[in-house]
Every structure is written in C-alpha cells, then in structure tokens.
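Only this structure's heavy atoms are used, side chains among them; waters, hydrogens and symmetry mates stay out. When a ligand or atom number is given, it counts from 1 through the structure's own listing order.
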Amino acid sequence: MAPKILTFLNPLEAAEACGARTFELLDAARRARGRATLAVSGGSTPRIMFQWMARQNFDWTGIEIFQVDERCFPPDHEQSNYRMLKEALLGPAEIPAAQVHRVLGELPPAEAAAAYAQEVASVFGPGLPVFDVVQRGMGADGHTASLFPGELMIGDITGIAAALWVEKMGQHRVTLLRGVLEQTRSTLCLVTGADKKAALNQVLGSPFDPLHYPAQIASAGMEWFLDAASRSGA
Ligand code: 6PG
C-alpha cells in the first residue's frame, strides 16, 4: 500500500494533525480490542505534538505507551527522550505511570535492551509485538528510530529491541528493531524542517534500500506528516 503523504504549512500544523490522527487510531484500537498501544519517538520534533496532545481532553484509559528508542542516559538527563516525553506529555496529561513502559536508559545498554524487550513482552506476550500506532521521526541523515544508515542491525527482522553504539552521536541507544516497525498496524512519521528536505527526497523517492535509508522501513498503515519546509521543491 502506498504511503499517505500529508504536507502542512508549518511544523505546528503538521504536529497537530499527527497528534489528532494518533488519537483517532488509538480510539479505534481501544474500541476494537479494549486497549491500545502506542510507541513514540524522541528527538526534538515531536515535542510540540506531545504538548498539543497534553492540552486535549483525551481519555488515556487503556492506552499503553512505549518508546521507539532511547539514548542511554538516566531519565532526568537532558539527552533523555523519556525526560522530554514526561515534560511534554506524561506529566501534563497526568498519564498513570503503570501505563508507561520506558527504556531504562540508566542501565548498561545491553541490559537496558534486554529489560525493554521483556517489558514489551510482559504487555504483548511472546513473539514480535504488534503496536497499534508507532510514531516515528527522521534524522537529516535518513535515520529513523535509532537505526542509522549502514547499521547492520537493520538486517535483524526477528528481534524486539537492541542496544547499539551510534558512532555519529557518540552514544549508546536502545531501539525497537525493524521487524517490530514493519509489523505495526499504523506508522505516523512526523518530519519537519528544511534540514530534512534532502533526506526526505531520497527516502520517499529512491528504491527500497533500508540499509542506506532506514526511514524507508515501512508498515501497512504508513502516513507522513510533513511541513512545507521539508517538502518544498520536491
Ligand atoms: C532520537 C529519536 C530519533 C529521532 C530523529 C529525529 O532519539 O533522536 O527518537 O530517532 O526521531 O533523530 O530527531 P529530531 O526530531 O531531533 O530531528
């Protein structure tokens, strides 16, 4: 199925549309199965989406929240994706801690990845989890989650999560793996900013080659929420 590509005037409009679509999909999943699962990315782009989501009157009952990836730092560190998520969404929306499943970035990376895979399995049961919604971003180099171009773990389609050393960032990360990203029911990619334009053109316009363009990793319901700056001249 071809991805749906939606372009908005500015980052806020893209973020609000992505947030609203997240709510719509979570609501539908909860109606169908009694609960819904959401995995969210970090970095800087989704912050305004999380802030918008926190301001809405959404009923978070039965919504289980996970992380797509995490930098290996304690949860109060300025690099921590969990910290950003907590400040922008979990705290303001008063989402009960029992519904939040974070990567323990404070642990040694391999332990953090193993603990996270177990945490995922404790909610989904054995085997690869099928998330209702995975919200992803993309770096200016075409990476998504913490799968960077050239990363050999991109070939792993059976694992749930892994710890990786990201040379470019000089840090360890824990990330969900490709098999999980491909199995999700819906993927919402939020990408904004002129610095993403070149990579976005490559990712959307080149033949499938996830080792070079990890953001090409796709699932059935694949939707892109872009701003004009990331898309102009495309
Ligand atoms: C992270 C993310 C990552 C992110 C991209 C885009 O930990 O950095 O989860 O995969 O989606 O790097 O990041 P920006 O939004 O900061 O550009």
> His143: heavy atom below 4.0 Å from ligand 1, yes or no?
Replying inline: yes

> Does Glu70 come within less than 4.0 Å of ligand 1, judged by its heavy atoms?
Replying inline: no

> Are the ring centres of Phe131 and Phe124 closer than 6.0 Å?
Replying inline: yes

> So which protein heavy atom does atom 11 (O) of ligand 1 come closest to, and at what separation?
Replying inline: Gly137 CA, 3.5 Å

>> Could you check whether any heavy atom of Asp69 sits closer than 4.0 Å to an atom of ligand 1, since that is the contact criterion I want to use?
In response: yes

>> On a heavy-atom basis, I'd like to know which of Cys189, Gly193, Ser44 is closest to atom 16 (O) of ligand 1.
In response: Ser44

> If you measure from the Lys or Arg side-chain nitrogens to the Asp or Glu carboxylate oxygens, is any gap between Arg35 and Glu64 under 4.0 Å?
Replying inline: no

> Nearest protein heavy-atom contact for atom 13 (O) of ligand 1: which residue, which atom, what distance?
Replying inline: Gly43 CA, 3.9 Å

> Are Phe58 and Trp60 an aromatic pair by the rule of ring centers under 6.0 Å?
Replying inline: yes

> Is Arg178 paired with Asp156 through a side-chain N to carboxylate O contact shorter than 4.0 Å?
Replying inline: no

> Which one of Thr192, Leu6, Thr7 satisfies the side chain to side chain contact (heavy atoms under 4.5 Å, CB included) criterion with Leu226?
Replying inline: Thr7

> Tell me, which protein residue and heavy-atom name are nearest atom 6 (C) of ligand 1, and how many Å apart are they?
Replying inline: Met138 O, 3.5 Å

>> Assess whether a salt bridge exists between Asp132 and Arg33, defined as any Lys/Arg side-chain N lying under 4.0 Å from an Asp/Glu carboxylate O.
In response: yes

> Between the candidates Ala145, Ala140, Ser41, Gly42, which shows the shortest non-hydrogen contact distance to atom 10 (O) of ligand 1?
Replying inline: Ala145

> What are the atoms of ligand 1, with element, lying closer than 4.0 Å to any heavy atom of Arg71?
Replying inline: 1 (C), 7 (O), 8 (O)

> By number and element, which atoms of ligand 1 are closer than 4.0 Å to a non-hydrogen atom of Asn81?
Replying inline: 1 (C), 7 (O), 9 (O)

>> Can you report which non-hydrogen protein atom sits closest to atom 17 (O) of ligand 1, along with the distance?
In response: Lys196 NZ, 2.7 Å

> Can a salt bridge be assigned to the pair Arg47 and Glu87 using a cut-off of 4.0 Å between side-chain N and carboxylate O?
Replying inline: yes

> Any salt bridge between Asp69 and Arg173, counting N to O under 4.0 Å?
Replying inline: yes

>> Under a 4.0 angstrom heavy-atom cut-off, which atoms of ligand 1 come close to Thr45?
In response: 14 (P), 15 (O), 17 (O)

